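Notes for the one structure printed next.
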There are 2 protein chains.
Amino acid sequence: MAVTIKDVAKLANVAPSTVSRVIANSPRISEKTKQKVREAMEQLSYHPNFIARSLASQSTQTIGLVMPSATDVVFQNPFFPTVLRGLSEGAHEKQYGLYMTTGKTDEEIYDGVVQMVQGGRVDGVVLLYSKVEDKILTYLQSQDIPFVVIGKPFKNVEEITHVDNDNFRATKEVTEYLIGLGHDHIAFVGGNLNFVVTIERLLGYEKALRDHHIPLNNDYIVHEQFLKEGGQEAVRELLSLSTPPTALVVADDLMALGVLNTLDEMGIVVPEDISIVSFNNVLLSEMSRPPLTSVDINIFDLGYEAAKSLIQMIKNPKEPTKRIIIPYELIKRYTCSHPNIERTVQV
Amino acid sequence: MAVTIKDVAKLANVAPSTVSRVIANSPRISEKTKQKVREAMEQLSYHPNFIARSLASQSTQTIGLVMPSATDVVFQNPFFPTVLRGLSEGAHEKQYGLYMTTGKTDEEIYDGVVQMVQGGRVDGVVLLYSKVEDKILTYLQSQDIPFVVIGKPFKNVEEITHVDNDNFRATKEVTEYLIGLGHDHIAFVGGNLNFVVTIERLLGYEKALRDHHIPLNNDYIVHEQFLKEGGQEAVRELLSLSTPPTALVVADDLMALGVLNTLDEMGIVVPEDISIVSFNNVLLSEMSRPPLTSVDINIFDLGYEAAKSLIQMIKNPKEPTKRIIIPYELIKRYTCSHPNIERTVQV
DNA sequence: TTGTACGCGTTATCAT
DNA sequence: ATGATAACGCGTACAA
C-alpha cells in the first residue's frame, strides 16, 4: 500500500488534517509546522492520491476530450496532433490532465462520453469537432457540465462557448484573392458536409463569387472526404467539364495534396494551368510540389484557447458563454498565379 | 448532487450493498431483486461514480499514455494519431479509458508521469516511444506499476514488455532489396539517434552491406530530424559527394517526402536517377510524387497490441514479460528501380 | 440471498 | 494554529 497522508501525519506528529492543509498551503498553518510536515513528506516520498482527492473535493482536475470516430478518415488528419498539443499545453499550465474517449461507431463514442461525464471522471469536456447533427452536443447541453466546442456549432451559436476561426470570412477572402488574380472560373472542393467547417467555407466561397457578380455553377462545387482519394475523384470530375475551372479552393491541405497528385498525373501544371489555395497550413503543405498556398488557421491556438476557456468555466460556473475567434493568415507559396488563357486545358 | 447508489437502494427497497452487487452482476443476487434494482437505476438514470469506485476498488480502469515532448518534431508525425487509434481501440474493448500526459520539456513530462503513477490516476502506462537514455523508463521500472513500451528498449530488453517491429531485419531486407536491384552505392538517411528505432534501422542497413561485401562509407550515413528540413539538408550533403549514392534508405516517410522535394528542386528524377525506400507507410506515402516505396510497419497494431498486453499485465500481475513483434511488409510503389549508370548525376 | 459496517485517502466543518 | 470527525460514493468481509 502506498504512503498516505496518515503516515506523513504520524511521522510529523500532527493530525492528518494538518497535512492536508499543508498540501493546500493553507495560510492558517505556521511556517514551522509546514516545514516539519514537508520534511516528513519528503522523507516518505509522499504523493497525494488523486482519486481520493477527487472524491473528497468533487473535482478531478481533468478535461475530457471527444474526438471524431477513430475510423473516420478525418482522424488521420494532421490537424489532430496539433490541436492536441494546444489542448495539452493549455491544460498543463493549469495543472489539468487530459482524458480521452474515442470509439469506432458514433454510438460507442456517445456511450463513452456519457460514462465520463456521469461517472464524474472529468470536470469539463471539449468537443474537438463540430458536426451538423450531433447527439453528443445535445447531450452535453442537457447536462450541466462545462464544455467548449472547437469549431462553430451548427445551431444555438449564442449559447455555446466555442473556439473557431472565421472560416466564412477566410474563404471569402481567399476566393477574392483568386478573383483579384484574374480568375473567374473558380471551383470549390470541400470535405464532408456534415462538418460545419465545410459549410462555412462553402458559404464564404459563394459569397465572394456573388459579391463579384460571378455566376455560381453547381458543377464547380464538389464534396468529398478530406483525404486523398477524395481529392483525386474531385479533380477528374472537375476537369472533365466542358469549361474546366482555372482555380480551385480546396478545403483541406491533405485533400489539396491529392489534387496536386492527380493534376500531375494528368500532366496539368500548377500554378500555370490551374491555381490552388487550401486550408490549415499543416506541415506538409510546404512539402508538396509545388508548396501549397494555404490558410494558416493556427490549429495550436484553437486547442490552447479551448483548454484555457474551459478551465475558466470550470472554475467559475457563472462564466458567460463566449465565442473565441482565432486569427488566420494566408500563407502565399507557389500554387497561385494569374490565369493563363493560352495554356487553358481542355480534357 | 448526482444520484448515488443510496438513492437507488432506497427506491428499490434494498441495501446499498445490494445495488453494488447488482452493478457487479454478482451471481449471489436473485434475478427478481436484480430486476427491481435495475428498474430503479433506469428510473433515476443512475450512473456509477467512477471516482468512488476507483477509490474503493483501488483500480481506475484507465491507462496512462506517455508521449514524447509535444514540442518535438516527432510529435507532428502521422505515426501518433495512428498508434493512438490502436491504443484507443485496444483499451476500449476492455472498457479502459485513456489518460494523457505531455509537456514541453522532458522535465515536465517526467513530473506528469510521476503524478499520474503515484497519484494513482492510472492502472498502467504505455510509453509511446523508446529513447536511448530515458529517466521515465528508469522511473517506471523502479515502481511496480505495469507498463509496456512501444519500440525496443535500449537496455534490459528481456525485462521489459514491449511491442515492436523487427526494425533491424526490416531495414536489412529493404537494403538487400536495393542491392538486388543492382545498387551498391546506398546511403542511409536516419532520424534522431536518441530514438532506438533509428539505431536499429541503421544497424540493419549496415548488416546488409557487410553481408554483401559492400564497403561501409561514413559519408553515406546522415542523421537528421524526422522532418522536412532534415531531409533537405541530408540530400544536399549526400549529392555533393564525389560519388553520390544511387539509392537511399530513409528512416521515415515524412523525411522521405522532404528528400523527394529537394531532389525535384535539383532536377534529379526518382527513381531513374536515384532510388528511395522509406518506412512507416503513412497515408501520405502514397500521395507523394512519385508514390513512395515504403515499409508498412502496421502502426495501428503496435498500439492495439500494446494496450491489450498492458491490460493483461494489469489483470494478472504475474504475467511474464513479453516481447511482441508486429509484422511488417514492404509496399512497392514507384521510387525504386535499377541503377542507371548513364544518368548518374554529378553535382 | 441480503444487510451491516467499515475502509479507500482525501477535504471540509466544527471545535478547541 | 491545530485536532477530531464527518462526509465523498462505492466495494466487500462478515454477519444474519
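Quantities reported herein were computed from a predicted structural model and do not represent experimental measurements.
Using a 4.0 Å heavy-atom criterion, one finds that B:Val14 contacts the sugar-phosphate atoms exclusively. Contact annotation for B:Arg53: backbone-only contact, meaning every heavy-atom pair under 4.0 Å involves sugar-phosphate atoms and none involves a base. Using a 4.0 Å heavy-atom criterion, one finds that B:Leu55 contacts the bases of the nucleic acid, with or without backbone contacts as well. In this structure, A:Asp7 reaches neither bases nor backbone, as no heavy-atom distance under 4.0 Å exists between it and the strands shown.
A cation-pi arrangement is found for A:Arg121 relative to B:Phe50, the charged atom lying closer than 6.0 Å to the ring centre and inside a 45° cone about the ring normal.
Atom-to-atom, NZ of A:Lys6 to P of D:dT5 comes out at 13 Å; the value is rounded to the nearest Å. In this structure, A:Asp123 places its CG atom 18 Å from P of D:dC8, rounding to the nearest Å. Atom CG of A:Asn25 is separated from atom P of D:dT2 by 13 Å (rounded to the nearest Å).
For A:Ser17, no side-chain nitrogen or oxygen approaches OP1 or OP2 of D:dG3 to under 4.0 Å. The shortest distance between the side-chain N/O atoms of B:Gln58 and the OP1/OP2 oxygens of D:dC10 is not below 4.0 Å.
Remark: side-chain polar atoms of B:Ser20 are not paired, donor with acceptor, to backbone N or O of B:Pro16 under 3.5 angstrom. In this structure a side-chain-to-backbone donor-acceptor pair under 3.5 Å is present from B:Asp123 to B:Thr60. Looking at B:Glu89, its side chain never comes within 3.5 Å of a backbone N or O of B:Arg85 through a donor-acceptor pair.
Residues of residues 30-51 of chain A that place a heavy atom closer than 4.0 Å to DNA chain D, in numerical order, are A:Ser30, A:Thr33.
Considering only side-chain atoms of A:Arg28, the nucleotide from D:dC10, D:dA1, C:dT2 that sits closest is D:dA1. Looking at the side chain of B:Thr4, the nearest of the listed nucleotides D:dC10, C:dT10, D:dA4 is D:dC10.
Closest-nucleotide positions on DNA chain C for B:Ile29 and A:Arg21 were compared, and the one nearer the 5' end corresponds to B:Ile29.
At least one side-chain heavy atom of A:Tyr96 sits less than 4.5 Å from a side-chain heavy atom of A:Ile311. A:Val196 places none of its side-chain heavy atoms less than 4.5 Å from the side chain of A:Lys131.
Here OG1 of B:Thr18 is found 5.0 Å from CD1 of B:Ile29. Values are rounded to the nearest 0.5 Å.
Scanning atom types as modelled, no donor and acceptor separated by under 3.5 angstrom connect the side chain of A:Ser20 and the base of C:dA12.
Each end of the helix from C:dT1-D:dA16 to C:dT16-D:dA1 yields a helix axis from five base pairs, and these two axes differ in direction by 40° (to the nearest 10 degrees).
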